[in-house]
Amino acid sequence: AYIEFYKGSRTWKIGNQLVTWGYMEGIEVPADRVNARDYSYNSTEFEDSKMASTGILLKQEIGDFSGIDLMFIPSGKTNVSPDESKYFFNLSEERPDCTTGNSKTAVRFFTSLDNLDLALSYVEGTDPRADVSVSATLDAQKSYHREKSPAIDLQYNFGGFFGKFAYAYHQTKDQDGDDPDIKNSWDHLALGIETSFGGSTLNLYAGQIHVKNWQENNTLEAFANQLMDQSTEKKRFLSGHMTSNFLQG
């Protein structure tokens, strides 16, 4: 549940809520990084994996085509791993304690200039993805640290197409890449198009995830990096999302 208060061009939203940022649709959306996700939840819609967080959202309109979103989450949630990954973390708690040290702050400025939509955002708080250390007995332990993440999101309308670009940088506690038990800083880039035809909407993107200061590690560190999804320096991807209405009404 949540409550909204309206006054002129300002809206306050207080309670349990989801924040969806980004002009892209589908899995690889760099700018949409406020809410944690439950990857053990099965659904045909990736959006359903989002976990609502209790917080305060301020939305302030600036003119007709611009605005600012400011979100404060007193106790940020962390991702829930897929069921199969629990095999590696049988001695670890799924989530950290709910304390103010796990708070999260997010701010976004957005505007439209003719055919161009632009959004700049910044998120700071507990990284929802666990850092992992692996002992000599192959026991994997989770820990959570704070990160800082600026991002830019663009959408340009030309004819029957939208050209899209998004980039997000994640600065972790291990900026130099020297600590094997903490994720290296990394960035997430995607670009592509959206188009509509015959009652269907298609989004298609290509992009890359790049781990900063990545280096080859010994077997235990490499295993930990794999569990943190940093087993390679660069991961290139194709991502798509299609919505189709095929029955009348």
Side-chain angles (χ1 to χ4, degrees), residues 4 6-13 17-35 37 44-50 55 57-72 104-124 147-171 186-210 234-249:
E4 283 187 330
Y6 303 90
K7 185 176 182 181
S9 61
R10 183 174 300 169
T11 301
W12 292 88
K13 186 176 179 180
Q17 52 193 295
L18 297 170
V19 177
T20 299
W21 287 354
Y23 299 120
M24 295 184 173
E25 298 277 353
I27 296 177
E28 297 291 350
V29 184
D32 194 18
R33 64 208 188 284
V34 177
N35 292 103
R37 293 186 180 272
T44 58
E45 292 289 341
F46 183 67
E47 190 75 11
D48 291 344
S49 67
K50 278 186 174 182
L57 174 64
L58 168 63
K59 301 177 72 69
Q60 176 65 58
E61 297 179 7
I62 304 174
D64 295 331
F65 305 106
S66 303
I68 294 177
D69 293 338
L70 178 62
M71 179 77 178
F72 176 68
K104 179 176 287 188
T105 302
V107 60
R108 179 181 68 148
F109 167 77
F110 59 91
T111 187
S112 295
L113 304 169
D114 294 327
N115 291 338
L116 176 66
D117 298 318
L118 166 68
L120 302 173
S121 60
Y122 178 80
V123 179
E124 180 173 345
E147 71 166 9
K148 302 175 181 179
S149 176
I152 182 172
D153 202 25
L154 302 171
Q155 175 176 266
Y156 188 81
N157 183 3
F158 55 99
F161 295 86
F162 285 98
K164 304 193 179 191
F165 171 85
Y167 173 84
Y169 179 72
H170 295 259
Q171 179 181 309
W186 56 284
D187 59 23
H188 190 177
L189 180 149
L191 57 92
I193 61 170
E194 175 185 324
T195 186
S196 298
F197 56 92
S200 301
T201 301
L202 174 66
N203 293 265
L204 184 62
Y205 312 116
Q208 174 179 276
I209 294 174
H210 180 209
K234 295 180 180 180
K235 180 170 66 175
R236 298 178 177 89
F237 60 83
L238 291 174
S239 177
H241 183 272
M242 184 173 182
T243 301
S244 182
N245 298 317
F246 54 89
L247 294 177
Q248 182 69 28

Is there a side-chain contact between [X] and [Y], using heavy atoms and a 4.5 Å cut-off?
X      : Y      : result
Thr201 : Met242 : no
Gln155 : Asp153 : no
Ser149 : Arg33  : yes
Thr20  : Glu47  : yes
Ile152 : Phe165 : yes
Trp186 : Ile209 : yes
Val34  : Trp21  : yes
Met24  : Pro30  : yes

Backbone N or O of Glu25 within a donor-acceptor pair of the Tyr205 side chain at under 3.5 Å?
yes
Evaluation steps, side-chain hydrogen bond (donor to acceptor under 3.5 Å, both in side chains), between Gln171 and Tyr169
CA-CA 6 Å; Gln171 179 181 309; Tyr169 179 72; 5.0 Å; no
What pair of heavy atoms forms the shortest contact from [X] to [Y], and how long is it?
X      : Y      : answer
Val19  : Lys50  : O-NZ, 3.1 Å
Phe161 : Asn157 : O-OD1, 3.2 Å
Gly160 : Thr195 : O-OG1, 3.2 Å
Ser66  : Phe109 : CB-CE1, 4.4 Å
Lys59  : Asp69  : NZ-OD1, 3.1 Å

[atom1]/[X] to [atom2]/[Y] distance, rounded to the nearest 0.5 angstrom?
X      : Y      : atom1 : atom2 : result
Tyr156 : Asp114 : OH    : CG    : 8.0 Å
Leu202 : His241 : CG    : NE2   : 10.0 Å
Met71  : Asn35  : CE    : CG    : 7.0 Å
Glu28  : Phe46  : CD    : CZ    : 8.0 Å
Glu4   : Tyr6   : CD    : OH    : 3.5 Å
Ile193 : Leu204 : CD1   : CG    : 6.0 Å

Taking Lys164 first and then Glu194, would you say they form a salt bridge - that is, a charged N and a carboxylate O separated by under 4.0 Å?
yes
If you measure from the Lys or Arg side-chain nitrogens to the Asp or Glu carboxylate oxygens, is any gap between Asp187 and Lys234 under 4.0 Å?
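A salt bridge is absent here (no side-chain N lies under 4.0 Å from a carboxylate O).
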Answer yes or no: are there more than 12 heavy-atom neighbours, outside Lys148 itself, under 6.0 Å from its atom NZ?
no
List the steps and the verdict of side chain to side chain contact (heavy atoms under 4.5 Å, CB included) for Arg108 and Ile68.
CA-CA 6 Å; Arg108 179 181 68 148; Ile68 294 177; over 6 Å; no
Worked check of ring pair (Phe, Tyr, Trp, His ring centres under 6.0 Å) between His188 and Phe237
CA-CA 11 Å; His188 190 177; Phe237 60 83; 5.7 Å; yes
Assess whether side-chain hydrogen bond (donor to acceptor under 3.5 Å, both in side chains) is satisfied between Tyr23 and Asp117, documenting all intermediate values.
CA-CA 9 Å; Tyr23 299 120; Asp117 298 318; 5.1 Å; no
